There are 4 protein chains.
Amino acid sequence: MESRNRTFENLPGDKRERVLAEATREFAEHGYHQASVNRMVQRLGIAKGSLFKYFGSKQGIFEYLFSQTVAEFKKPLKAIRDDESGDLFERIERTLLAGAEFVTAHPLVYGIYLKMVYQQGFPMRDTFLGEIRTASDKYLRTLVANAAATGQLRPDIDQGMAALHLDAVMDRFLQSCAVPALNPGGGDIPDRETTRTRARAVADFLRRGLGAHSANSEEHRCR
Amino acid sequence: MESRNRTFENLPGDKRERVLAEATREFAEHGYHQASVNRMVQRLGIAKGSLFKYFGSKQGIFEYLFSQTVAEFKKPLKAIRDDESGDLFERIERTLLAGAEFVTAHPLVYGIYLKMVYQQGFPMRDTFLGEIRTASDKYLRTLVANAAATGQLRPDIDQGMAALHLDAVMDRFLQSCAVPALNPGGGDIPDRETTRTRARAVADFLRRGLGAHSANSEEHRCR
Amino acid sequence: MESRNRTFENLPGDKRERVLAEATREFAEHGYHQASVNRMVQRLGIAKGSLFKYFGSKQGIFEYLFSQTVAEFKKPLKAIRDDESGDLFERIERTLLAGAEFVTAHPLVYGIYLKMVYQQGFPMRDTFLGEIRTASDKYLRTLVANAAATGQLRPDIDQGMAALHLDAVMDRFLQSCAVPALNPGGGDIPDRETTRTRARAVADFLRRGLGAHSANSEEHRCR
Amino acid sequence: MESRNRTFENLPGDKRERVLAEATREFAEHGYHQASVNRMVQRLGIAKGSLFKYFGSKQGIFEYLFSQTVAEFKKPLKAIRDDESGDLFERIERTLLAGAEFVTAHPLVYGIYLKMVYQQGFPMRDTFLGEIRTASDKYLRTLVANAAATGQLRPDIDQGMAALHLDAVMDRFLQSCAVPALNPGGGDIPDRETTRTRARAVADFLRRGLGAHSANSEEHRCR
DNA sequence: AATGAATGAGTCTTCATTCAT
DNA sequence: TATGAATGAAGACTCATTCAT
């Protein structure tokens, strides 16, 4: 039944990585349907039959690839969720940095994710995206609920609405991190320091819009 | 010469609309490459040759469709840009409503736009997106510059940064309007009143983050 | 039945000529199958239906065109055949000049002829070519027989063989006249004087190979 | 990479030959554009994809076929060029025989060549024909120059003109050899002896027109 | 376990021809 | 008589998938 992936997992580690890297590249460059198994095997220099032996089908390749990466993406977030130090917006800032790091390290996988979001016809699209969204929603709601309980949030704002705003702005932030790596010639890839500064600015913007009191503690004190 | 679109434009109005609607649907459902001219003509019940007579090529169909809609999208924005009544955030609110209206009326076209953003391989992608981005950027910068000149903006914020934030949040707002219509089962389509309320909330959020004084009307009245 | 060509022949003379010229050009440029009725009507600026009204079919266009021109080609040859002045090789020379004139005046039609010779799939190919070959053969045999009767031909040569040689060399001569006009950039189009000189050279070459005595009267006299 | 022809060349020899024979037949019967890949695979009883795997494209099929044959055609000519025994006209005679042999063995390929000469739109037409013409021209000029140097040529004739005449007559000779095989019902295919006789006749004709002294062996012995 | 030749449904596109207006 | 929209068979070509070696 699933003797397929067994075959793949018995492969020497470097070959396994080459295969995954090539597949990732192909899907990132062309999306799912436009990706070509022919090109993959040609570039890998292995037989077409082998790839099908490993994964069973084109869809199998994609699923293996994507699920693996989703798991990797979740790790740092779990750490942040469990470390309750700092207020909501500091944790958001840490989240942004973790996301930026992942997106910078795996721009292609992130590119696949973006394509998948706005494209039907990806295999398991609903499954994958649903999983991601549920996780993301749960994650943010946890943070928000925590913050609300300790009075860090403007009292007049709905928690769901707050989570939505967080999601919107964070999402956009990640995209801005990934775009330069995805579109060659789409601007310079920002260095770590720049990313850090931007993450802080975004967190401040959110604090100002959603935080209790007013925005950032020092500046807005009306004399 | 330009006999292609002549043929199409000489068609009876209702047939023309059926053709465009079907093509829109196909591209919205499958993206560009995966869209099938065969399916289009089959569903339309017309001969394959006819569609090619009208538009010359698959790409021709797409371009006709898209450019036509871009033009339509720009109209209400132009009106808002030229009507200078209200402060920046009220105009933003009007913009959001105009966008929401368009996106609700043409969810499929908007879906195509979203696919195009995150997918390479669309014909004329760079041309179309470039045009849209330039227009959007110019539009927002005009609004922001106007607001800054009359002291509506926090003085410590860069105008470019402000435009970026506006863009990010508005963009997400539009997506939230369109998603239910795009993904069947992705939630209920919001009615007009709900949309109006949300637009106001988003505008307020932006006012709080970017506006002069402080954020929402009561609090920031510093005494 | 043949109300078709009636329609065409009732057309104003200049329109008729434009139609024929355009059709000739199309067939000359692309051969029969690759010729496009679409292109013809587009360039002519008339309706597709009209052309089919005139000629019934693509094949009809071609046949009308070709048969008309064949008739025109035969005229000067008839004159030469009936004017018995001069020896065989002088008449050959006159024939070459007549051919050259036609070929220079109607290079496109000649181009069609050449394509037809080496290509199957032309409508009526066998009919047309058969007609032409029969005519050509009869024409040359008449000339040769005449010459043989008056002792102008080497006695050791077969009349059929002689006709073949005449045909070969004349054919090549015509091609050399037409090639520059057919292949743009294939060399300069020779002026009348040059053509005349060449025709004389070819005739002399033939006289030398086929004529009685030896070749040209003065030179080869072994003192 | 170059996996296309690898696939084809790895095929069992008899299948390879069947494929090439069928393709040759198709191109010979219909010319390039009118040739149908569909028909080829149908007659071969193989899948369409296979043919494209082998050659990449219709044009690829043609190029493979043609270039292979050109190479084969050149071989015997090279031998004649390097064997300097005999006078010019004897070598011409040998050339004619070699050509006749090839043309009789591969009438279809020769048919393709003839079509190509008079038809635009063949892929690589200019490349292929240019190559052939250059080779032919070089070949004949070598022979003619050689002959002139040893006084075998009429002194009053230009060497270029002589080469042209040789080319014209030889060309026609080859055509006369091939035509019966090409046009079913176009006459009987001549046997070897007949061909030999004809080649000698043509060579004599040329000797008479171009050779030093005078023409045929008896007469020109001037005394 | 690895190979790579074979498959065939599916892609976009062209074009001669017809016929209602 | 002239028009030009409609037709659909046929064209070249792609590609995920299978299977004998």
Side-chain angles (χ1 to χ4, degrees), chain A residues 3-4 6-8 10-11 32-42 45-61, chain B residues 3-4 6-8 10-12 15 33-41 44-61, chain C residues 3 6-8 10-11 33-42 45-61, chain D residues 3-4 6-8 10-12 15 33-41 44-61:
Chain A
S3 79
R4 357 199 90 159
R6 293 304 296 226
T7 304
F8 180 62
N10 286 342
L11 247 44
Y32 180 76
H33 284 293
Q34 223 46 28
S36 155
V37 177
N38 278 351
R39 253 192 310 254
M40 293 185 206
V41 299
Q42 196 196 64
I46 68 174
K48 215 185 301 192
S50 299
L51 216 52
F52 279 88
K53 193 78 159 183
Y54 301 156
F55 302 106
S57 70
K58 186 183 183 180
Q59 172 167 344
I61 306 174
Chain B
S3 76
R4 348 208 93 153
R6 289 299 300 193
T7 300
F8 181 63
N10 286 344
L11 247 45
K15 179 166 187 184
H33 285 294
Q34 220 48 27
S36 158
V37 177
N38 279 356
R39 240 182 333 239
M40 291 186 207
V41 299
L44 282 168
I46 67 174
K48 217 183 296 192
S50 297
L51 214 53
F52 281 90
K53 186 83 166 179
Y54 302 156
F55 302 107
S57 67
K58 184 184 183 181
Q59 173 166 344
I61 306 175
Chain C
S3 79
R6 293 304 296 225
T7 304
F8 179 62
N10 286 341
L11 248 41
H33 284 293
Q34 222 48 26
S36 155
V37 177
N38 278 351
R39 253 191 311 253
M40 291 185 205
V41 298
Q42 196 195 63
I46 68 173
K48 215 186 299 193
S50 299
L51 215 53
F52 280 87
K53 193 77 160 185
Y54 301 155
F55 301 106
S57 69
K58 187 184 182 180
Q59 173 167 344
I61 305 174
Chain D
S3 78
R4 347 209 95 152
R6 288 299 301 192
T7 300
F8 181 64
N10 286 345
L11 247 45
K15 179 165 186 183
H33 285 294
Q34 219 50 27
S36 158
V37 177
N38 279 356
R39 239 181 334 238
M40 292 185 205
V41 298
L44 283 168
I46 67 173
K48 214 184 300 192
S50 297
L51 214 53
F52 281 91
K53 186 84 166 180
Y54 302 156
F55 303 106
S57 67
K58 185 184 182 181
Q59 173 166 344
I61 305 174

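Only a predicted model underlies this, so the values are computations on that prediction, with no experimental measurement involved. Sequence lines set the chain letters: A, B, ... in the order given, protein chains first and strands last, and positions in each chain run from 1.
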Novice: How many Å lie between CZ on B:Phe8 and C1' on F:dA6, as a whole number?
Specialist: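 In whole Å, F:dA6 C1' and B:Phe8 CZ are 15 Å from each other.
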Novice: What is the distance, to the nearest angstrom, from the CD atom on C:Gln42 to the P atom on F:dT3?
Specialist: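 Atom CD in C:Gln42 sits about 15 Å away from atom P in F:dT3.
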Novice: For the pair made of CG in C:Leu51 and C1' in F:dG4, what is the distance, rounded to whole Å?
Specialist: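 Atom CG in C:Leu51 sits about 13 Å away from atom C1' in F:dG4.
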Novice: Taking OH from B:Tyr54 and P from F:dA5, how many angstroms apart are they, rounded to a whole number?
Specialist: 8 Å
Novice: Can you tell me the distance, in whole Å, between the CD1 atom of C:Ile46 and the P atom of F:dG4?
Specialist: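 Whole-Å distance recorded here is 11 Å.
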Novice: Would you find a donor on one side and an acceptor on the other, under 3.5 Å apart, between the side chain of A:Tyr32 and the backbone of A:Gln59?
Specialist: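 Yes, the answer is positive, given that a donor and an acceptor are paired below the 3.5 Å cut-off.
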Novice: Are OP1 or OP2 of F:dA2 and a side-chain N or O of C:Ser50 less than 4.0 angstrom apart?
Specialist: no
Novice: Return the value, rounded to whole Å, for the distance between atom CE of B:Met40 and atom P of E:dT11.
Specialist: 11 Å
Novice: Enumerate, in order of first residue number, the stems that involve DNA chain E, defined as 3 or more consecutive Watson-Crick or G-U wobble pairs with both distances under 3.5 Å.
Specialist: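 In DNA chain E, stems of three or more pairs: E:2-21 with F:2-21.
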Novice: Do you know the tightest heavy-atom contact between A:Val37 and A:Phe52?
Specialist: CG1-CE1, 3.7 Å
Novice: Quick check on DNA chain E: between D:Ala47 and A:Leu11, whose nearest nucleotide comes earlier from the 5' end?
Specialist: A:Leu11
Novice: Write down the atom of C:Tyr54, the atom of C:Ile46, and the distance for their closest heavy-atom approach.
Specialist: CE1-CD1, 4.3 Å
Novice: Sequence neighbours excluded, which residues qualify as side chain to side chain donor-acceptor pair (under 3.5 Å) partners of B:Asn38?
Specialist: B:Lys48
Novice: What is the distance, to the nearest angstrom, from the NZ atom on B:Lys53 to the P atom on F:dG8?
Specialist: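 Atom NZ in B:Lys53 sits about 16 Å away from atom P in F:dG8.
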Novice: If every non-hydrogen atom of B:Arg39 is compared with every non-hydrogen atom of B:Gln34, which pair is closest and at what distance?
Specialist: NH2-O, 3.2 Å
Novice: Which heavy atom in D:Ala35 sits nearest to a heavy atom in D:Lys58, and how many Å separate them?
Specialist: O-NZ, 2.9 Å
Novice: Starting at the 5' end of nucleotides 16-21 of chain F, put B wherever the base has a protein heavy atom under 4.0 Å, S where only the sugar-phosphate does, and a dash everywhere else.
Specialist: SBB---
Novice: Within less than 4.0 Å of OP1 or OP2 of F:dG4, is there a side-chain N or O belonging to B:Asn10?
Specialist: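 No.
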